[in-house]
Visitor: 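Got a structure for you, written out below as structure tokens; questions coming shortly.
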Amino acid sequence: QLQLVESGGGLVQPGGSLRLSCTASEYTLDYKAVGWFRQAPGKEREGLSCISASGRSTIYADSVKGRFAISRDDAKNTVYLQMNNLKSEDTAVYLCAAGTGYGLEAADYGYWGQGTKVTVSS
């Protein structure tokens, strides 16, 4: 079964940047769209961005548009989320997901990682 592992989270000051990675193992990400989601304490899971299987199409939620950028490197079986100009409200556990769907709904994806924590604080 496809396994996904997120990395790159940590503590960053407001205005700072982080790059998250989502690396697949056991199977490749070929032919699968990949999405990034986050979940903050007491809040619903929020879809942030996704990239199509070809890498030619991307979608961003309004909350991160212009600040976050998603990309994929299929040779490394990895999808990235570059996060710039981070704000305190970006604090959450960030999860990646893969599947044959495409969009910002959790139901679009069948495979999920465990998440990496991002804390934005001074």
Side-chain angles (χ1 to χ4, degrees):
Q1 181 168 323
L2 180 65
Q3 306 282 341
L4 300 174
V5 177
E6 302 92 339
S7 60
L11 173 65
V12 63
Q13 293 186 341
S17 298
L18 283 175
R19 188 177 78 159
L20 305 184
S21 299
C22 171
T23 301
S25 62
E26 304 303 323
Y27 290 93
T28 71
L29 290 172
D30 291 353
Y31 311 114
K32 290 183 177 61
V34 176
W36 280 99
F37 295 75
R38 68 185 177 192
Q39 188 148 24
K43 294 187 177 181
E44 292 188 358
R45 188 168 295 188
E46 178 187 10
L48 304 175
S49 182
C50 65
I51 187 166
S52 64
S54 67
R56 289 193 289 268
S57 299
T58 58
I59 299 174
Y60 293 95
D62 288 343
S63 59
V64 303
K65 197 173 294 182
R67 299 190 299 125
F68 291 11
I70 192 170
S71 61
R72 64 189 296 157
D73 184 342
D74 287 340
K76 295 183 178 180
N77 229 14
T78 299
V79 171
Y80 303 99
L81 186 69
Q82 177 67 42
M83 308 189 296
N84 299 323
N85 191 21
L86 284 161
K87 306 174 182 179
S88 59
E89 51 262 44
D90 294 318
T91 295
V93 174
Y94 284 68
L95 308 100
C96 67
T100 54
Y102 178 66
L104 298 182
E105 298 295 327
D108 291 325
Y109 303 93
Y111 304 95
W112 291 82
Q114 294 297 310
T116 184
K117 188 173 182 180
V118 172
T119 302
V120 184
S121 175
S122 55

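Just the heavy atoms: all of them, side chains too, but no hydrogens, waters or symmetry mates, feed the values below.
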Visitor: Go through the structure and list residues passing side chain to side chain contact (heavy atoms under 4.5 Å, CB included) with Ala53, not counting sequence neighbours.
Guide: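 Ala53: no side chain to side chain contact (heavy atoms under 4.5 Å, CB included) contacts found.
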Visitor: I need the full list of salt bridge (charged side-chain N to carboxylate O under 4.0 Å, His left out) pairs touching residues 49-68, with sequence neighbours left out, sorted by first then second residue.
Guide: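 Found Asp62-Lys65, Arg67-Asp90.
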Visitor: Tell me if the CD atom of Gln39 is crowded by more than 12 foreign heavy atoms within 6.0 Å.
Guide: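 Result for CD/Gln39: enclosed.
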Visitor: Please table the atom pairs, donor to acceptor, closer than 3.5 Å between any side-chain atom in residues 113-121 and protein atoms at least two apart or in another chain.
Guide:
| from | atom 1 | to | atom 2 | distance (Å) |
| --- | --- | --- | --- | --- |
| Thr116 | OG1 | Gly9 | N | 3.1 |

Visitor: Kindly write out the residues that satisfy ring pair (Phe, Tyr, Trp, His ring centres under 6.0 Å) with Phe37, not counting sequence neighbours, or none if the list is empty.
Guide: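 Once residues adjacent in sequence are excluded, the partners of Phe37 under the ring pair (Phe, Tyr, Trp, His ring centres under 6.0 Å) criterion are Tyr109, Trp112.
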Visitor: Give every residue pair that meets the disulfide bond (SG atoms under 2.5 Å apart) criterion with at least one member in residues 62-98, sequence neighbours excluded.
Guide: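 For residues 62-98, and leaving out neighbouring residues, the disulfide bond (SG atoms under 2.5 Å apart) pairs sorted by first residue read Cys22-Cys96.
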Visitor: Kindly state each residue pair satisfying salt bridge (charged side-chain N to carboxylate O under 4.0 Å, His left out) with at least one member in residues 8-24, sequence neighbours excluded.
Guide: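 Residue pairs with at least one partner in residues 8-24: there are none.
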Visitor: Tracing side-chain links under 4.5 Å among I, L, V, M, F, W and Y, which residues wind up in one group with Ile59?
Guide: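 Once heavy-atom contacts under 4.5 Å are chained together, Ile59 belongs with Tyr102, Leu104.
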Visitor: For Ser52 and Ser54, run side chain to side chain donor-acceptor pair (under 3.5 Å): C-alpha distance rounded to whole Å, both residues' side-chain angles, the deciding distance at 0.1 Å, then the answer.
Guide: CA-CA 5 Å; Ser52 64; Ser54 67; 3.2 Å; yes
Visitor: Which atom names give the shortest non-hydrogen contact between Gly8 and Leu18, and what distance separates them?
Guide: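 Of all heavy-atom pairs spanning Gly8 and Leu18, the closest is O-CD2, 3.8 Å.
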Visitor: Could you pull out all residues at least two apart from Asp73 that satisfy salt bridge (charged side-chain N to carboxylate O under 4.0 Å, His left out)?
Guide: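 Checked Asp73 against salt bridge (charged side-chain N to carboxylate O under 4.0 Å, His left out); zero matches.
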Visitor: Could you measure the distance from the CD atom of Gln82 to the OG atom of Ser49? Nearest 0.5 Å is fine.
Guide: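 Those atoms lie 12.0 Å apart.
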Visitor: Show every ring-ring contact (aromatic ring centres under 6.0 Å, His included) that has at least one partner inside residues 54-93, sequence neighbours left out.
Guide: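 Pairs touching residues 54-93 that pass the test: none.
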Visitor: Hey, does Leu2 have a side-chain heavy atom less than 4.5 Å from the side chain of Glu26?
Guide: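 With C-beta onward as the side chain, the pair stays apart.
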Visitor: Work out which heavy atom in Leu4 is nearest to a heavy atom in Ala24; give both atom names and the distance.
Guide: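 Smallest heavy-atom distance, with atoms named: CD2-CB, 3.8 Å.
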Visitor: Less than 4.5 Å apart, any side-chain heavy atom of Asp74 and any of Thr28?
Guide: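 Asp74 vs Thr28: side chains apart.
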Visitor: What is the distance from atom CD of Glu89 to atom NZ of Lys43, rounded to the nearest 0.5 Å?
Guide: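 The distance works out to 8.0 Å.
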Visitor: Could I get the full list of disulfide (SG to SG under 2.5 Å) partners for Cys50, not counting sequence neighbours?
Guide: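 Per chain and number, Cys50 pairs via disulfide (SG to SG under 2.5 Å) with no residue.
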Visitor: Looking at OG of Ser122 and CG of Leu11, how far apart are the two atoms once the value is rounded to the nearest 0.5 Å?
Guide: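 The distance works out to 9.5 Å.
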Visitor: Can you measure from OH (Tyr94) to CG (Leu81) and round to the nearest 0.5 angstrom?
Guide: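 Interatomic distance, Tyr94 OH to Leu81 CG, rounded to 0.5 Å: 8.0 Å.
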Visitor: Tell me every residue that passes salt bridge (charged side-chain N to carboxylate O under 4.0 Å, His left out) with Glu46, counting only those two or more places apart in sequence or in another chain.
Guide: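 Listed in chain order: Arg38.
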Visitor: Tell me whether Val34 shares a hydrophobic cluster with Leu95, the cluster being built from Ile, Leu, Val, Met, Phe, Trp, Tyr side chains joined at under 4.5 Å.
Guide: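 No; tracing contacts between hydrophobic side chains, which count when under 4.5 Å, never links both residues.
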Visitor: Sequence neighbours excluded, which residues qualify as side chain to side chain contact (heavy atoms under 4.5 Å, CB included) partners of Ser88?
Guide: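 In terms of side chain to side chain contact (heavy atoms under 4.5 Å, CB included), with neighbours along the sequence ignored, Ser88 is linked to no residue.
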Visitor: Identify the two heavy atoms, one from Asn85 and one from Ser17, that lie closest to each other, and give their separation to 0.1 Å.
Guide: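 Where Asn85 meets Ser17 most closely, the heavy atoms are N-OG, 4.3 Å.
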Visitor: What distance do Leu29 atom CG and Asn77 atom CG have between them, rounded to the nearest 0.5 Å?
Guide: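 Interatomic distance, Leu29 CG to Asn77 CG, rounded to 0.5 Å: 4.5 Å.
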Visitor: Report yes if some heavy atom in the side chain of Leu20 is under 4.5 Å from a heavy atom in the side chain of Glu6; otherwise report no.
Guide: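 Not in contact.
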